[in-house]
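I have placed the structure first, in the form of structure tokens, so that the comments after it can refer back to it.
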Amino acid sequence: QVQLVERGGGSVQAGNSLRLSCEASDRVFRNRVMAWFRQVPGKGREFVAALSRLSRSIDYNDSVRGRFTVSRNNDLQMGFLQMNNLKSEDTADYYCALARDNQMRSSAAAFPDWGHGTRVTVFS
């Protein structure tokens, strides 16, 4: 199991930006797909974005495409989610997740390793 720690959440006004980070405890991070999910009370975890080990493949949820940018630094064993032009609908707990391999997937069930989440609140 890989430990993942998210940082960077907070409370911001709509239109502003936040940058989330995800630090992994194990070097296997470098060989697997990393993804971001978010969750609000009463709902399941929603796919936000993912990228393959060398960032050759990148997927975004339609609701964040053009506003969010996912990236990674394998040397640092870290992933990032730059969130620009935040909207009230982006309010959620954001989670970093690591896949079993380098195959792109968007289902939360396909990711065995998760961080504990960081809270993002966007007010208008």
Return each pair, listed once, that meets disulfide (SG to SG under 2.5 Å) where at least one residue sits in residues 39-74; pairs must be two or more places apart or across chains. none
N61 CG to W36 CH2 distance, which is reported to the nearest 0.5 Å: 15.5 Å
Testing the basics here: between F123 and S88, what is the closest heavy-atom pair and its distance to 0.1 Å? C-OG, 4.4 Å
Contacts of type salt bridge (charged side-chain N to carboxylate O under 4.0 Å, His left out), residue E23, not counting sequence neighbours: R7
According to the disulfide (SG to SG under 2.5 Å) rule, which pairs have a member within residues 36-68, sequence neighbours left out? none
Set of residues satisfying side chain to side chain donor-acceptor pair (under 3.5 Å) with respect to R119, sequence neighbours excluded: D93
Has R53 got a side-chain atom pairing as donor or acceptor with R30's backbone, closer than 3.5 angstrom? yes
Between G9 and V120, what is the shortest heavy-atom contact and its length? CA-CG2, 4.2 Å
Can you list every pair that meets salt bridge (Lys or Arg N to Asp or Glu O under 4.0 Å) and has a residue in residues 54-81, with sequence neighbours left out? D62-R65, R67-D90
Could you tabulate the donor-acceptor pairs under 3.5 Å formed by side-chain atoms of residues 13-20, not counting sequence neighbours?
from : atom 1 : to  : atom 2 : distance (Å)
S17  : OG     : N84 : OD1    : 2.9
R19  : NH1    : Q82 : OE1    : 3.4

Side chain proximity check, I58 to V70, heavy atoms < 4.5 angstrom: yes
Does anything in residues 105-115 form a side-chain hydrogen bond (donor to acceptor under 3.5 Å, both in side chains)? List the pairs, not counting sequence neighbours. Q1-D113, D101-R105
Please go through F80's hydrophobic cluster and name the other residues, only I, L, V, M, F, W, Y counting, with side-chain heavy atoms under 4.5 Å joining them. L76, M78
Within a strict 4.5 Å, meaning less than it, do heavy atoms of the L98 and V33 side chains meet? no
Verify the cluster assignment for M104 and V64: are they in a single hydrophobic cluster under the rule of side-chain heavy atoms below 4.5 Å apart? no
Do V5 and H116 have side chains that get closer than 4.5 Å, going by heavy atoms? no
About how many Å separate CG of N74 and CE of M34, when rounded to the nearest 0.5 Å? 9.5 Å
Side chains of residues 42-50: which donor-acceptor pairs under 3.5 Å do they make with residues two or more places apart or in other chains?
from : atom 1 : to  : atom 2 : distance (Å)
R45  : NE     : Q39 : OE1    : 3.3
E46  : OE1    : R38 : NE     : 2.8
E46  : OE1    : R38 : NH2    : 3.4

Once disulfide (SG to SG under 2.5 Å) is applied, what residue pairs with a partner in residues 7-124 remain, sequence neighbours excluded? C22-C96
Side-chain touch Y60/T69, heavy atoms, less than 4.5 angstrom: yes
What's the separation between atom OG in S57 and atom CG in L51, rounded to the nearest 0.5 Å? 9.0 Å
Counting C-beta onward and ignoring hydrogens, is there a side-chain heavy-atom pair between L81 and Y94 closer than 4.5 Å? yes
In V40, V122, L86, the residue satisfying side-chain contact (heavy atoms from CB on, under 4.5 Å) with T91 is V122
Using the test side chain to side chain donor-acceptor pair (under 3.5 Å), find all partners of N73 that sit at least two apart in sequence or belong to another chain. none
Is there a donor-acceptor pair closer than 3.5 Å between any side-chain N or O of T121 and the backbone N or O of S11? no
